[in-house]
Amino acid sequence: MARQSRAQKLRRLAAIALLAVGVPLGTAAQLPPVNETAPAAPQAEGAKPENSLPPISRDCQIGSAQIVSQTPLPNVERALRERQRIVIMVVGASPVALRNSASSGHYEVVEKLLEETFKGLDVSIVHRGVSAELVRDASERIKNEVALISPDLVLWQVGTADAMARMPVDEFEQTLTETLVWLRGHGVDVALIGLHYIKALTKDPQYQEIRTVLKRVSGALGIMRISRYEAGETITRLRSEQGRPLTGTRLTDAAYECSAEYLSRAIASGLFLRAKDTKSPRPKK
Amino acid sequence: MPRLPNAVDFWRGIALISIFANHIPGLFYDRFTHRAVSISDSAELFVFLAGWSLRYVLGGPERPTPISQIIFRLGGRAVTLYAAHMMIVMIAIATLAAMSELFENPLLLEWHNAAAVFYRPVETHIGIALLSHQLGYFDILPLYVALMLTAPLLAIIDRYVPSLLLPASLGLYFVSLVVPLTIPAWPVEGQWYFNPLCWQLIFVLGLLMSRDTGIGGWVRRHIVAIRWAALPIVLLAMVFVLTGGTWIDPTKMPSPKLLFINGKTFATPIRVIQFLALVAVMSVVYPYIARAVPNFVKYPSMLGRNSLEVFCAASLLSLWSQIIRYAWPGGIVLDTLILAMGIFLMGLVAWLTEWRDRVVRKS
């Protein structure tokens with residue numbers, strides 16, 4: 001097993017080395033081909049979908065804190081029903097890799113959980129993150145990427161770069177709103193991933209204003225939002241109470257991991273509800 | 001004695017100042033750079049002028065540089081660029097780490113695609129060395145390295161089958177747009193921000209336009225007519241940008257969409273056409289500026305003459321400026337100070353480079 005893993009790594013390194021000397025092996029915006037195997041037939045009626053969701057990990061259990069604004073994802077649901085394939089595009093800050101892990105990032109947690117939960121579902125995650133990209137620059141690029149990739153769902157980590165660059169908040173709000181409306185008008189669901197909880201920024205007016213804007217805009221437009229700030233704040237408090245305090249990168253890393261769990265559960269929960277109604281492929285038992 | 005001010009050095013100096021300003025998101029003066037009224041920006045100008053400068057390495061028709069010498073020089077240049085890139089990336093990473101500690105803000109570790117460096121250092125350091133992992137705003141030099149590595153091949157084609165150079169470049173460009181092809185990033189999934197398979201066209205066009213023969217000669221002979229034809233394109237692009245660029249809905253474009261949309265990563269045709277039109281129109285301007293304000297052109301020309309050193313300085317200065325703006329938000333006064341200081345320090349780097357060269361020559 002370990003040898004196989006090492007061989008895979010060596011192959012990957014060899015491929016990268018070839019690319020570095022100018023052999024263009026890759027293709028862009030190239031989604032993996034649609035799964036050619038026939039989708040699994042829906043299972044018999046009577047399953048209890050909620051039971052299929054694995055329990056949330058101990059470290060991410062935060063009691064009654066409201067972290068996810070649960071909203072319907074009609075375009076994802078339609079993709080699930082018609083194609084059994086969901087294309088998720090990730091934009092915003094770079095997809096941060098799991099620490100000490102061979103996995104390629106936290107978003108793979110989302111992919112894995114959804115595929116394990118919905119039998120026959122093929123989840124494709126396309127990374128188009130540009131780190132430190134302002135919302136005004138992302139807005140135009142997202143439209144191009146939507147045209148090229150045709151995602152059903154966009155996961156957008158937004159706000160941090162604008163807060164750090166001290167961009168005008170009203171301009172941020174206007175561009176964010178316009179982009180979200182455009183995405184909705186083009187049949188794309190969105191999940192916003194909010195700002196991190198950073199102790200040094202709890203009194204930073206710009207950071208807090210951006211956070212408020214995210215809350216306001218997602219609420220007004222009915223967009224799914226993962227409140228990473230509240231999650232981080234609650235995790236910090238709980239861990240301190242348990243005598244296992246989290247600080248610095250450990251905290252942001254925990255927030256990433258837990259956000260991925262919350263996000264995948266939010267998407268799955270939305271689909272479960274719809275799956276029951278529409279008899280779409282059901283979750284595995 | 002450094003060479004006298006000329007149009008290429010002048011415009012390259014202007015591009016360097018613009019890149020410095022554009023790489024400080026939110027800087028007040030960003031709106032006065034040419035990207036505020038243009039679809040293309042300083043990156044196109046920088047790469048085009050890099051191609052233009054290749055002419056000096058290749059030599060003219062009367063005194064062509066031997067191919068072996070060309071390969072040696074371009075290979076050496078690629079190594080120099082690579083070393084410069086590694087140096088500024090390492091300084092940038094150290095800066096982010098230090099500032100994260102100073103301000104107790106781990107978000108600074110994640111700025112500009114740096115997160116993987118700290119969270120997955122083993123793979124990411126390999127990626128940095130292979131140029132497959134690039135920090136945000138530190139992504140032009142990897143493109144330049146890639147172009148310089150392929151430049152010997154361009155030189156050979158140019159020497160032995162010159163008529164093939166543009167068709168081959170255009171062929172690769174359009175195949176890359178239609179398929180589409182790119183260079184993937186690793187270990188963080190994604191792609192190169194500047195796709196060398198497409199940007200090579202701008203580099204090749206720079207080389208071809210620098211010549212008095214071939215397409216460059218044709219352009220020179222018809223430059224007045226070309227300028228008149230280019231002017232409406234430049235004006236239309238200006239209106240397009242000023243009105244938010246919302247006329248084109250990329251999802252409504254026919255396939256292959258990259259042929260019709262405005263995308264920087266792939267240097268899409270809309271950008272290349274607008275850029276060439278802008279070059280045609282602006283090519284008339286330099287002689288007038290040089291005559292009207294001869295002292296003014298000296299400074300940007302000095303920056304342009306020492307473009308690599310100045311570019312490296314500008315990249316780091318823009319990162320430090322971003323951190324200053326984050327730590328001490330100061331509005332237009334701070335932005336003015338940052339811009340003035342940045343341009344002064346870029347000039348100081350250029351002056352020191354030429355001073356060092358003079359000392360080396362004397363000794």
Side-chain angles (χ1 to χ4, degrees), chain A residues 12-13 15-17 19-22 24-30 90 93-101 104-105 125-134 137 140-141 143-148 150 160-162 164-168 186 196 198-201 206 247-253, chain B residues 24-26 100 103-116 118-120 123-124 126-127 130-132 135-137 146 149-150 176 179-191 193 195-197 245 249-253 257-258 261-266 322 325-326 329:
Chain A
R12 201 164 50 180
L13 284 177
I16 292 292
L19 292 172
V21 294
L25 296 177
T27 52
Q30 307 51 339
V90 178
S94 60
V96 177
L98 286 167
R99 196 196 299 267
N100 302 326
S101 166
S104 52
I125 297 199
V126 184
H127 295 275
R128 286 294 177 266
V130 172
S131 191
E133 189 177 38
L134 303 177
D137 300 326
E140 191 184 339
R141 204 174 59 80
K143 292 170 186 171
N144 282 345
E145 298 291 3
V146 165
L148 296 171
S150 305
T160 305
D162 290 82
M164 306 275 271
R166 308 301 183 189
M167 296 302 288
H186 286 75
H196 272 291
I198 305 292
K199 202 176 171 192
L201 295 174
Q206 179 94 4
T247 53
T249 57
R250 294 283 168 194
L251 173 59
T252 50
D253 207 34
Chain B
I24 308 171
S100 167
F103 297 116
E104 296 179 342
N105 183 353
L107 288 183
L108 288 163
L109 298 178
E110 299 185 10
W111 236 5
H112 305 305
N113 208 21
F118 300 106
Y119 292 164
R120 286 181 70 186
E123 295 97 327
T124 309
I126 299 168
L130 294 174
L131 304 178
S132 68
L135 301 187
Y137 297 133
L149 283 173
T150 52
S176 304
V179 173
L181 291 172
T182 190
I183 308 289
W186 180 83
V188 175
E189 283 187 47
Q191 59 189 356
Y193 186 71
N195 181 353
L197 305 172
D249 182 343
T251 61
K252 302 279 192 298
M253 292 292 119
K257 292 184 190 301
L258 281 170
I261 64 178
N262 170 24
K264 189 170 180 177
T265 293
F266 286 84
Q322 287 177 64
R325 292 184 84 255
Y326 155 70

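Chain letters run A, B, ... following the sequence lines, proteins first and then strands; every chain starts at 1.
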(request) Among A/Met167, A/Met164, A/Gln206, A/His196, single out the residue with the greatest number of heavy-atom pairs under 4.5 Å to chain B. (result) A/Met164
(message) side chain to side chain contact (heavy atoms under 4.5 Å, CB included) for A/His186 and B/Lys252? Distances and angles first, verdict last.
(response) CA-CA 10 Å; A/His186 286 75; B/Lys252 302 279 192 298; 3.9 Å; yes
(request) Between chain B and each of A/Leu201, A/Thr160, A/Asp137, count heavy-atom pairs under 4.5 Å; write down the option with the most. (result) A/Leu201
(request) To the nearest 0.5 Å, tell me how far B/Leu107 CG sits from A/Ile198 CD1. (result) 4.0 Å
(request) Check each atom of B/Asn262 against the heavy atoms of chain A and say whether the ones under 4.5 Å are side chain, backbone, both or neither. (result) both
(message) If we ignore hydrogens and angles and just use 3.5 Å, is the side chain of B/Arg325 paired with the main-chain N or O of A/Ala165 as donor and acceptor?
(response) yes
(request) Let me know if B/Lys264 has heavy atoms under 4.5 Å from chain A in its side chain, its backbone, both or neither. (result) neither
(request) Give, as side chain, backbone, both or neither, the part of A/Glu133 having an atom under 4.5 angstrom from any heavy atom of chain B. (result) neither
(message) Shorter than 4.5 Å, heavy atoms on both sides: which option in B/Leu108, B/Thr265, B/Thr124, B/Asp249 has the most such pairs with chain A?
(response) B/Asp249
(message) On a heavy-atom basis, which atom in B/Gly190 and which in A/Arg128 lie closest, and how many Å separate them?
(response) CA-NH1, 4.3 Å
(request) Work out which heavy atom in B/Pro25 is nearest to a heavy atom in A/Leu134; give both atom names and the distance. (result) CB-CD1, 3.5 Å
